[in-house]
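Reviewing the structure listed below.
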Amino acid sequence: MSEILEQLNQEQRRAVECIDGPVLIVAGAGSGKTRVLTSRIAYMIEKGVDPSRIMALTFTKKAAGEMKERIARMVGEKKARHLWMGTFHSVFVRLLREFSDSIGYPSSFTIYDTSDSVSAIRTCIKQLGLDDKTYKPKDVLARISKAKNALVTADAYPDNHRAMEDDRIAKRPKLAELYKCYDTLLKSSGVMDFDDILLNMNILLKVNPAALKEIAGRFDHILVDEYQDTNFAQYRILRELMKDRPVHNLCVVGDDSQSIYAFRGARIENILNFQKDFPETKTFRLEMNYRSTKNIVNAANSLISKNEDRLPKHCVAVGGEGEKLRLIRAYTAEEEAVLITSSILSRIREAGAEYRDFAILYRTNSQSRALEEALRKRNVPYMIYSGNSFFERAEIKDMMAYLKLTVNNSDNESFKRIVNTPARGIGATSLSALEAAAAKNGISLLEAAYRSDLESFGLRASAVQKIREFCDMIRRHGEMSLSQNADAVVKSLSDACGLYRSFKEDNSVEAQSRAANIEELVSSVTGFVEDRNGEYIEALIEDGAIQDADSVSEIECPLVPLGDFLEDISLLSNVDVVEDSDGDNRVALMTAHSAKGLEFPYVYVAGMEENLFPSGGMLASEKDIEEERRLFYVAITRAKTAVALTFANSRMRNGKHESNAPSRFLREIAPQYIENPLRKDDLRSRDTEEDDIPGFRFGSGNYRPYGAKSTSTAASGPRSFTPSSSASRPFTASSSGAIRSNAPMSTVKDALSRRTLPPKNEDFVPETMDCFHTGDRIEHNRFGFGRILEITGNIPELKARIVFDNYGEKLLLLKYAKIRRASLG
DNA sequence: GTGTAATGCTATTGG
DNA sequence: AGCATTACAC
């Protein structure tokens with residue numbers, strides 16, 4: 001029997017072996033879903049399916065990367081490399097570029113993130129002379145997004161009675177016009193927003209039957225992870241690709257209980273109706289939970305049983321009883337944070353846990369502030385995985401706008417953002433004159449800058465000159481990017497645009513941190529390029545094109561275009577900006593949404609209060625509550641060993657104190673799984689009745705019940721507790737000067753280049769590459785275990801001759817090879 | 001045209 | 001509370 005099958009339980013194996021025809025795998029939390037998916041792909045390859053004919057879609061880059069890596073371990077990198085594995089968005093972008101002319105886009109189209117989209121909407125609102133209070137940009141975008149997800153195009157929108165009726169009721173009758181305006185703006189800019197990627201994919205398959213045939217014909221198998229989170233647009237793409245086949249080789253994996261993205265268009269119906277869509281479907285249910293203790297699984301089950309809309313499924317924990325869930329009561333959000341911190345510290349003390357074993361989950365990003373403060377006070381290293389991330393900082397967005405405009409000269413929104421950042425004396429008056437000229441001639445702002453009739457629009461010669469200097473700079477780098485790697489272009493651009501210099505010249509802490517962020521971005525491009533080259537070289541080595549790593553330095557690697565880098569980071573999610581392992585030992589802070597797909601030994605869910613979790617906001621319908629309940633289910637089921645649920649009597653929200661009752665969800669978990677269930681007096685009394693439960697009791701009393709007021713956050717430098725702190729530069733950031741992480745934030749480079757497994761694997765001691773010695777037992781991501789025979793060369797060209805247990809002897813360049821030291825003994 | 005002060009506003013979740 | 005846009009003085 002195949003080795004791949006040996007590690008699976010019976011149901012998992014059946015799901016893996018069932019290669020042909022539609023397959024629905026209902027996979028409960030912790031049931032080995034990823035293992036099944038990866039095993040199934042590996043098994044298919046082993047059975048002779050051509051990997052380049054397999055498409056596997058995930059929601060995050062991280063998930064795709066992990067899977068690809070695991071598959072590479074099973075079948076070898078050489079085969080795994082050819083899989084079409086990636087996020088919906090990245091795979092579809094790749095296809096859209098190829099067939100872009102049939103949908104009226106240049107193949108070099110760029111991608112707008114949400115904030116770009118919002119400013120584009122703002123432009124449209126102004127253009128149509130509408131009031132931005134009745135037409136709030138965010139709301140308008142949400143509405144358009146919804147339409148796109150439902151495959152209602154701008155042209156079809158006015159015919160959609162339902163939508164038009166809704167708009168009339170909402171007193172926003174011009175929405176159709178706005179949609180059209182926005183659509184025109186994006187198209188003429190050669191830009192897509194996130195939703196366009198899916199919408200245009202549908203349009204492509206519809207308007208160009210040859211493309212449909214071609215694309216569908218490329219793949220024998222399609223697999224989809226997290227199917228419960230697909231939206232209508234995604235569903236239709238899959239259906240189109242399956243349409244004309246005798247056998248529908250579509251395998252979807254998901255858990256209806258973990259559907260938490262309805263707000264962005266996900267349709268739980270997709271998974272609920274899969275069997276109807278494909279009547280020949282074979283369904284497999286993975287109900288054995290290998291992740292969590294019985295108490296955790298039972299608690300989660302008792303909670304989710306309150307939902308009506310569910311596929312039949314009953315998860316059973318394989319593991320031991322474990323601890324009961326624990327409630328932690330606090331007066332304020334600040335105290336809550338202190339209690340969590342203390343609890344973490346005593347866990348570490350008593351159970352020998354590490355920082356990386358902990359996650360603190362919450363409903364809203366804003367909750368992270370208090371937690372950060374408490375953790376920082378006790379010197380607990382942490383990492384925030386969401387919210388105000390690296391790419392949301394103004395200076396990074398500015399730099400990104402430079403890059404976008406360089407790649408795509410038609411991008412007027414980016415043009416407007418940076419034409420006068422840093423100040424170049426091109427003010428609002430000049431800009432609107434230029435806009436008028438561009439509009440008159442139907443050309444982009446950048447093109448308009450070179451017209452000879454600019455004076456007739458009221459522009460002075462001096463202004464024209466300044467504008468042209470700016471445009472020249474952009475165009476120069478555009479040309480440069482045709483022949484030079486992304487890193488060279490970004491470096492040059494960052495010098496030429498003067499943004500970096502303007503921060504450097506300013507001596508404020510604020511500006512220095514901004515400059516540092518730009519440095520970070522530049523080094524991330526370098527990392528991206530190095531990584532690409534490394535992959536290329538490793539591929540050559542594996543294909544046998546090079547025998548000797550000595551010749552590596554002479555190899556000419558293919559161009560790494562700026563556009564590739566741009567696309568890569570445009571499609572990052574917030575868990576992607578994450579570095580695993582490699583000395584990264586921190587408590588993880590993130591929203592419950594971001595935590596999906598992850599696991600931790602110890603999980604704290606903070607803010608278990610009505611109006612927060614479940615979220616208040618809109619008049620919550622039962623459907624909304626069900627989604628919140630699923631979200632809470634997701635949160636709990638992240639835990640392997642223990643769960644603590646915390647709530648505060650009152651917390652600051654929007655500058656006001658707010659008091660909310662403990663979350664109804666705390667009552668919905670069957671009390672026998674909770675150590676200290678909710679009491680009647682929980683609204684009033686919050687005495688320190690917490691007791692001797694290891695790890696969930698108070699620390700050494702070093703807390704202040706009423707939330708010690710924050711001392712300066714910006715002044716005190718952040719600390720790093722990374723054990724092997726080689727390149728650890730403190731990372732301060734954010735416009736407010738607040739420190740988001742008390743250790744160097746992992747860089748984009750980390751996100752892009754790390755291919756290591758998540759920290760699940762405790763067999764490895766993280767090491768930096770210069771720590772290897774002859775005789776060391778190591779593990780390579782693809783070749784598995786081996787021993788170093790010899791190290792030669794000079795830094796950074798260190799080479800190691802390694803004999804692998806299963807792959808024989810190889811000479812690898814240490815700076816490219818993904819190697820970890822296996823732990824001793 | 002640029003910089004700073006005051007005002008107003010607005011709040012999930014995210015690729 | 002924090003932020004973003006606006007209002008106003010240089």
Side-chain angles (χ1 to χ4, degrees), chain A residues 57-64 86-93 111-115 117-119 122 132-133 136-139 141-142 145 148-149 192-198 226 229-231 233-234 259-266 333 361-367 369-370 385-389 391-392 394 420-431 460 462-463 466 567 569-577 590-596 607 611-618 620 624 627-628 630-632 634-635 651-658 710 734-738:
Chain A
L57 303 171
T58 64
F59 274 81
T60 66
K61 207 185 201 80
K62 191 181 184 205
T87 63
F88 275 92
H89 294 263
S90 68
V91 168
F92 292 162
V93 163
I111 298 159
Y112 269 179
D113 65 24
T114 308
S115 71
S117 297
V118 168
S119 55
R122 214 169 262 136
D132 67 354
K133 272 167 214 122
K136 291 179 191 157
K138 267 189 182 167
D139 295 352
L141 183 63
S145 168
K148 286 182 177 176
N149 287 158
M192 292 191 198
D193 66 15
F194 287 128
D195 303 311
D196 282 329
I197 295 170
L198 304 176
E226 310 278 17
D229 287 327
T230 51
N231 62 28
Q234 288 162 321
S259 165
I260 55 175
Y261 282 110
F263 74 92
R264 69 173 193 207
L361 309 181
Y362 35 78
R363 181 63 236 272
T364 64
N365 283 306
S366 60
Q367 288 171 259
R369 280 211 137 72
Y385 287 82
S386 49
N388 197 11
S389 71
F391 292 102
E392 280 162 44
N420 202 30
T421 312
R424 296 186 176 87
I426 306 167
T429 326
S430 309
L431 188 59
R460 291 174 187 283
S462 64
K466 285 179 200 156
E567 177 181 318
I569 48 191
S570 297
L571 297 175
L572 278 183
S573 74
N574 50 38
V575 282
D576 291 327
V577 192
M590 68 185 87
T591 62
H593 281 94
S594 295
K596 197 179 63 164
N611 274 322
L612 186 57
F613 206 168
S615 164
M618 311 301 164
D624 297 332
E627 173 139 326
E628 293 287 312
R630 290 192 292 268
L631 182 58
F632 185 40
V634 167
R651 70 177 68 229
M652 280 289 236
R653 269 221 279 184
N654 314 335
K656 285 195 174 72
H657 286 283
E658 218 174 72
S710 73
S734 106
S735 47
S736 66

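Here the structure is a predicted model, which means the values were calculated and not measured. Proteins come first, then strands; the chains are lettered A, B, ... in the order of their sequence lines, and each starts at number 1.
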Worksheet item: Does A:N420 make a side-chain donor-acceptor contact with the base of B:dG1, cut-off 3.5 Å?
Response: no

Worksheet item: Once you round it to whole Å, what is the distance between P of C:dA1 and CE of A:M652?
Response: 5 Å

Item to complete: Using atom OH of A:Y261 as one end and atom P of B:dT13 as the other, report the distance to the nearest whole Å.
Response: 11 Å

Worksheet entry | All salt bridge (charged side-chain N to carboxylate O under 4.0 Å, His left out) counterparts of A:D132, not counting sequence neighbours | none

Discussion item. Please enumerate all residues that pass salt bridge (charged side-chain N to carboxylate O under 4.0 Å, His left out) together with A:R630, with sequence neighbours excluded.
Written reply: A:E627

Worksheet item: Considering residues at least two apart in sequence or located in another chain, which fulfil the salt bridge (charged side-chain N to carboxylate O under 4.0 Å, His left out) criterion with A:D195?
Response: none

Discussion item. Both A:G427 and A:S570 contact DNA chain B. Which one's nearest nucleotide lies toward the 5' end?
Written reply: A:G427

Practice prompt. May I have the distance from A:I260 (atom CD1) to B:dG15 (atom P), rounded to whole angstrom?
Written response: 11 Å

Practice prompt. Identify whether any heavy atom of A:R630 sits under 4.0 Å from a base atom; if not, whether one sits that close to sugar-phosphate; answer base, sugar-phosphate or nothing.
Written response: nothing

Worksheet item: How would you list, by chain and number, every residue that makes a salt bridge (charged side-chain N to carboxylate O under 4.0 Å, His left out) with A:R264, sequence neighbours excluded?
Response: none

Worksheet entry | Nearest listed nucleotide, side chain of A:N365, among B:dT13, B:dT2, B:dG15 | B:dT13

Practice prompt. Using the test side-chain hydrogen bond (donor to acceptor under 3.5 Å, both in side chains), find all partners of A:S570 that sit at least two apart in sequence or belong to another chain.
Written response: none

Discussion item. Rounded to whole Å, please give me the gap between CD in A:E658 and P in C:dA1.
Written reply: 15 Å

Worksheet item: Picking from B:dG3, B:dG15, B:dT13, which would you name as closest to the side chain of A:F194?
Response: B:dG15

Worksheet item: Which is true for A:F88 with a 4.0 Å heavy-atom rule: it touches a base, it touches only sugar-phosphate, or it touches nothing?
Response: nothing

Worksheet entry | Exercise: do A:S90 and A:T87 side chains pair donor with acceptor under 3.5 Å | yes

Discussion item. From C-beta outward on A:T591, which listed nucleotide comes closest to its side chain: B:dT13, B:dG15, B:dG1?
Written reply: B:dT13

Worksheet item: Under 30°, 30 to 60°, or over 60°: which ring-plane class applies to A:Y261 and A:H593, parallel, tilted or perpendicular?
Response: tilted

Practice prompt. State which residues pass side chain to side chain contact (heavy atoms under 4.5 Å, CB included) with A:A233; sequence neighbours excluded, sorted by chain then number.
Written response: A:L151, A:L198, A:N202, A:N231

Worksheet item: For the pair made of CZ in A:R369 and P in C:dG2, what is the distance, rounded to whole Å?
Response: 6 Å

Worksheet item: Once you round it to whole Å, what is the distance between P of B:dG1 and CG of A:L431?
Response: 10 Å

Considering only nitrogen or oxygen atoms on both sides, find all protein atoms under 3.5 Å from nucleotides 5-11 of chain B and state each distance.
{"from": "B:dA11", "atom 1": "N1", "to": "A:N654", "atom 2": "OD1", "distance (Å)": "2.7"}
{"from": "B:dA11", "atom 1": "N3", "to": "A:N654", "atom 2": "OD1", "distance (Å)": "2.4"}

Item to complete: Mind calculating the distance between CE (A:M590) and C1' (B:dG15) to the nearest angstrom?
Response: 17 Å

Worksheet item: Rounded to the nearest 0.5 Å, how far does CZ of A:F194 lie from OG of A:S145?
Response: 11.0 Å

Worksheet item: Heavy atoms under 4.0 Å, any strand shown: does A:T87 hit a base, just sugar-phosphate, or nothing?
Response: nothing

All N/O contacts under 3.5 Å from nucleotides 7-10 of chain C to the protein, with atom names and distances to one decimal?
none

Discussion item. Under 4.0 Å, counting only non-hydrogen atoms across every strand here, what does A:T429 touch: a base, just sugar-phosphate, or nothing?
Written reply: sugar-phosphate

Discussion item. For B:dT2 and A:R424 - does any side-chain N or O of the residue sit under 4.0 Å from the phosphate oxygens OP1/OP2?
Written reply: no

Worksheet item: Atom CD1 of A:I426 to atom P of B:dT2: distance rounded to whole Å?
Response: 8 Å

Fill in: Listed partners of A:T58 passing side-chain hydrogen bond (donor to acceptor under 3.5 Å, both in side chains), at least two apart
none

Worksheet item: Do the side-chain N or O atoms of A:S430 get closer than 4.0 angstrom to the phosphate oxygens (OP1, OP2) of B:dG1?
Response: yes

Practice prompt. With the side chain of A:D195 defined as its heavy atoms from C-beta on, choose the nearest nucleotide among B:dT13, B:dG1, B:dG15.
Written response: B:dG15

